[in-house]
Amino acid sequence: MPLTIEILPYYLLVSGDGLGSLSEAQQHFRDLSALLVTERKAAKGVRLLIDLQRARPHSPEVAAHIERVLPMLYREGDRVAVLVQNTSIKVGTKTSHNPLYSDVFLSREAAEAYLSG
């Protein structure tokens, strides 16, 4: 299942097994960007939990697209928690996320605590 976006009471949840193609990635980030604009109208910043525990590695083309999009997607006041499977993925994922508004976690409880802080 590609990534899905759900609106939960306290945050947005992105989950699924990954983005299989560049066109899937482009559509996902268009959808997410539009939702973030809407959510920012209601609050100073958005809270987003990205659950990648079931995600497969992306192709180099998709990974490059994600690297280009992430810096443009989030704003000051946002808080993004990324949930991954293991420590080695956590280390690699941290390098693509800005520590001013994002962190990477191994447990959902820790990710949700970060979002509420």
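What you see is a predicted model; the values in this text were computed from it and never measured.
- Linking ILVMFWY side-chain heavy atoms closer than 4.5 Å, directly or via other members, places Ile7 and Leu49 in two distinct hydrophobic clusters.
- Judged by a 6.0 Å distance limit and a 45° cone about the ring axis, Arg79 is positioned over the six-membered ring of Tyr114.
- For the atom pair CG (Leu70) and CZ (Phe29), the distance works out to 5.5 Å, reported to the nearest 0.5 Å.
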Worksheet item: Run the side chain to side chain contact (heavy atoms under 4.5 Å, CB included) check on Leu12 and Glu39 step by step: do they pass?
Response: CA-CA 9 Å; Leu12 303 174; Glu39 291 291 312; 4.0 Å; yes
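- Both Val80 and Leu3 are members of a single hydrophobic cluster when ILVMFWY side chains are connected at heavy-atom separations under 4.5 Å.
- Gln85 contributes a side-chain N or O that, together with a main-chain N or O of Gln53, makes up a donor-acceptor pair within less than 3.5 Å.
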Discussion item. Please determine whether side chain to side chain contact (heavy atoms under 4.5 Å, CB included) holds for the pair Ile5 and His28, giving the CA-CA distance in whole Å, both sets of side-chain angles, and the decisive distance to 0.1 Å.
Written reply: CA-CA 9 Å; Ile5 306 168; His28 168 74; 4.0 Å; yes
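- Remark: Arg30 pairs with Gln26, Gln27 by the side-chain contact (heavy atoms from CB on, under 4.5 Å) rule, at least two apart or across chains.
- The distance from atom CG of Asn86 to atom NZ of Lys90, rounded to the nearest 0.5 Å, is 11.0 Å.
- Looking only at side-chain heavy atoms (C-beta outward), Pro71 and Asn98 stay at 4.5 Å or farther from each other.
- A side-chain donor-acceptor contact under 3.5 Å links Asp78 to the backbone of Val46.
- Contact check on Arg54 versus Asp17 returns no salt bridge, with no Lys/Arg side-chain nitrogen under 4.0 Å from an Asp/Glu carboxylate oxygen.
- With sequence neighbours excluded, no residue forms a ring pair (Phe, Tyr, Trp, His ring centres under 6.0 Å) with Tyr11.
- Judged purely by atom type and a 3.5 angstrom limit, Arg47 has no side-chain atom pairing as donor or acceptor with the backbone of Tyr10.
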Discussion item. Test side chain to side chain contact (heavy atoms under 4.5 Å, CB included) on Phe105 and Val82; report intermediate values, then the result.
Written reply: CA-CA 6 Å; Phe105 302 91; Val82 183; over 6 Å; no
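- Remark: Tyr74 OH to Leu36 CG distance equals 6.5 Å, nearest 0.5 Å.
- Summarising the geometry, atom NE2 belonging to His58 is positioned 4.5 Å from atom CG belonging to Leu19; distances are rounded to the nearest 0.5 Å.
- Clustering ILVMFWY residues whenever any of their side-chain heavy atoms sit less than 4.5 angstrom apart, transitively, puts Val62 in the very cluster that holds Val69.
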Item to complete: Tell me, with the steps shown, if Ile89 and Val104 meet side chain to side chain contact (heavy atoms under 4.5 Å, CB included).
Response: CA-CA 9 Å; Ile89 294 172; Val104 183; over 6 Å; no
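- By the criterion of side-chain heavy atoms lying less than 4.5 angstrom apart, applied directly or through intervening Ile, Leu, Val, Met, Phe, Trp or Tyr residues, Val14 is grouped together with Leu73 in one hydrophobic cluster.
- The backbone N or O of Gly92 lies less than 3.5 Å from a partner atom in the side chain of Thr95, making a donor-acceptor pair.
- Ion pair Asp103/Lys94 flagged as a salt bridge, since at least one NZ, NE, NH1 or NH2 atom sits closer than 4.0 Å to an Asp/Glu carboxylate oxygen.
- Shown here for His65 and Ala25, the closest heavy-atom pair between the two residues is CD2-CB, 3.8 Å.
- How far CG of Leu83 is from OG of Ser107: 7.0 Å, rounded to the nearest 0.5 Å.
- Placement of Leu115 and Leu35 in two distinct hydrophobic clusters is found when ILVMFWY residues are connected by side-chain heavy-atom separations under 4.5 Å, directly or transitively.
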